[in-house]
Each structure stands twice: as C-alpha cells, then as structure tokens.
Amino acid sequence: MASKSSDKGSGGVALVAAVLVVLAGAGGAGGAALNSGASGGGGAAPVESIGVRKWDAKRAARGGDAAGAMGHLGVGISKQAVKQELDCVANAFGQVRDFLTRTPCTSLDRLLLAVGDQAGNAAVVSVVWVTFPGRNQARQFDRVIDVAGSGDVQPLPGGVVGLPDVRFTAEHYFSEIKDTTITIAESEPATGHVEPDLLDAMTEVAAQLPRP
C-alpha cells in the first residue's frame, strides 16, 4: 500500500465504449458534518476518533458496503457512478500511460462517489481498479504509479455524479495491490469545508473496496 502527496497534474479523458451506471446514494449523511471533530459540549456523547471510525469503515469497505463504510466516517453517499472498460492507455497520462502502452491492462474499472452532509459540505472520492495478466506486471505498475509526478489513470469526471469537474491533486491518495489488481483511491473537496484528515481517511477506506 502507498500514498503520495505531490501534484500529478491533469490529463485528457477518452470515453470509449463502456458500461456506465449511475446510482442514487444510500440516503443522506444524517446531518453529520464533513469534519473529524471531537465531541461537542453540553453533555453530548463523545465522538469516536477518526482512527477508530476508519477501522470499522475499512471492514465495511472490504465487504463491498461503500455506503456503510462512508457512514462509519460520518458522511453519506449522495450519488455514485461506475464505469467498466478495457482501454487503460486512453484514460491515462504521464509515465503511467507510457507503462500501460508497453504493458497493457486486461480491465479498467472506475468508481466516483459524491459524499456530503446536510450543511452543504461535499467531497468526491475516486476509486480505480487496474487489472493485469499477472502479478509481476501489477507490482511493476504499482511502483510506477506510486511515484509523485508519474501521472495517473484519470478518475471519472465530476459530471457523472452531477458535480463540476474536480482536479485530483494526489494530496489525498492511497493505493492497494491485491493479486493482479491495483486499486487507486483519491479524494478531493468539492464544496464547503472538508477536513484534510477526513479526506485521507475516506481515501484509505475507499481503497479497500472490492472491484465491482
């Protein structure tokens, strides 16, 4: 697993023949704020730390429960979109694209989550699964994409979940490698205020989601 914090820039997106499914979210965020704050005053019940909530969220994510995973972090999914395709090269840029040109993937799956609260704070979470013919290619790709400034596999545009396009900076980035598949997760604030440590937590948790 890895994270990186340098700007990766932006690249063009080629929307080739694919399956794109947009789903409504699993309800609102129940009024939870998009921050990692501690307990409030006035005798309110203590709020679990972001680390404790992240543990439960990861467990839900590994079981494929995206809504439950984000719920553990105190946020709700308002909309999500998933796209499945084969052309990794057309959806990549930089050294990542160069690698994929030499070493073709066998499948590309992309997920975009719009999360928010009732106060108008919102963020987007991108998850990309890149699958290769063998483990060796997957490990080699992991070493390339985890280098700051090496490029990226372009996340789905914000428009697929009804939001303006968001520029993903890799400030909130996390990757996981499992067998022949690399999972790449990134998060960015969209509107209002979202705490950086919550963005990091959402990214790390989203990287646990299984390939659709």
Side-chain angles (χ1 to χ4, degrees), residues 1-11 13 25 29 32-37 49-58 60-62 66-67 69-82 91-94 96 109-117 119-130 141-161 163-178 182-209:
M1 65 184 68
S3 60
K4 61 181 177 180
S5 59
S6 272
D7 218 10
K8 290 197 283 185
S10 60
V13 180
L34 280 173
N35 60 57
S36 58
S49 71
I50 192 72
V52 172
R53 288 183 279 146
K54 187 168 66 175
W55 178 272
D56 291 331
K58 282 185 175 183
R62 291 186 188 108
M70 292 298 144
H72 280 298
L73 298 177
V75 301
I77 298 174
S78 59
K79 193 174 285 187
Q80 56 185 306
V82 62
N91 293 286
F93 62 93
V96 170
D109 300 87
R110 295 185 291 170
L111 169 71
L112 195 70
L113 303 175
V115 303
D117 63 18
N121 303 302
V124 288
V125 183
S126 165
V127 189
V128 175
W129 295 267
V130 184
F141 179 71
D142 192 44
R143 287 195 290 268
V144 171
I145 199 164
D146 280 342
V147 175
S150 64
D152 201 358
V153 176
Q154 187 71 36
L156 286 174
V160 300
V161 291
L163 292 173
D165 283 349
V166 174
R167 180 172 178 267
F168 285 88
T169 64
E171 261 187 70
H172 311 285
Y173 169 98
F174 200 86
S175 72
E176 286 274 355
I177 180 169
K178 184 176 181 181
I182 304 293
T183 306
I184 305 152
E186 304 179 63
S187 297
E188 291 291 339
T191 60
H193 178 71
V194 187
E195 293 287 347
D197 58 349
L198 180 56
L199 288 166
D200 287 337
M202 289 191 292
T203 305
E204 190 173 340
V205 166
Q208 313 305 312
L209 288 167

To the nearest 0.5 angstrom, please state how far the [atom1] atom of [X] sits from the [atom2] atom of [Y].
| X | Y | atom1 | atom2 | answer |
| --- | --- | --- | --- | --- |
| Lys178 | Arg62 | NZ | CZ | 9.0 Å |
| Leu199 | Glu186 | CG | CD | 12.0 Å |
| Leu112 | Phe168 | CG | CZ | 5.5 Å |
| Asn91 | Arg110 | CG | CZ | 4.0 Å |

Looking only at non-hydrogen atoms, find the nearest pair between [X] and [Y] and report the distance.
| X | Y | answer |
| --- | --- | --- |
| Arg53 | Gly74 | NH1-N, 4.4 Å |
| Ala81 | Val160 | CB-CG2, 3.7 Å |
| Asp165 | Pro157 | OD1-CB, 3.3 Å |
| Leu163 | Ala190 | CD1-CB, 4.5 Å |
| Asn121 | Gly192 | OD1-CA, 3.4 Å |
| Val205 | Met70 | CG1-CE, 4.3 Å |

How would you list, by chain and number, every residue that makes a side chain to side chain contact (heavy atoms under 4.5 Å, CB included) with Asp200, sequence neighbours excluded?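 Applying side chain to side chain contact (heavy atoms under 4.5 Å, CB included) to Asp200 gives His172.
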Can you name the one residue among Ile182, Ile184, Leu209 that meets side-chain contact (heavy atoms from CB on, under 4.5 Å) with Trp129?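 Filter result, single survivor: Leu209.
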Does the side chain of [Y] come within less than 4.5 Å of [X]'s, by heavy atoms?
| X | Y | result |
| --- | --- | --- |
| Val75 | Leu198 | yes |
| Phe174 | Gln208 | yes |
| Leu156 | Leu111 | no |

Test: Glu188 and Arg167 ion pair at under 4.0 Å: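 The answer is no: the pair does not qualify as a salt bridge.
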Can you sort out the partners of Asp56 under salt bridge (Lys or Arg N to Asp or Glu O under 4.0 Å), two or more places apart, ordered by chain and number?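 Residues passing salt bridge (Lys or Arg N to Asp or Glu O under 4.0 Å) with Asp56: Arg59.
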Take Val125 and Thr203 through the side chain to side chain contact (heavy atoms under 4.5 Å, CB included) test and state the conclusion after the steps. CA-CA 7 Å; Val125 183; Thr203 305; 5.6 Å; no
If only atom types and distance count, is the side chain of Thr191 paired as donor or acceptor with the main-chain N or O of Gly120 below 3.5 Å?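 Yes, because the side chain of Thr191 sits within donor-acceptor range (under 3.5 Å) of the backbone of Gly120.
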Check the pair Asp152, Val96 against side chain to side chain contact (heavy atoms under 4.5 Å, CB included), reporting the backbone distance first and the verdict last. CA-CA 6 Å; Asp152 201 358; Val96 170; 5.5 Å; no
Under the side chain to side chain donor-acceptor pair (under 3.5 Å) test, which residues partner Ser126, sequence neighbours left out?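 Partners of Ser126 under the side chain to side chain donor-acceptor pair (under 3.5 Å) test: none.
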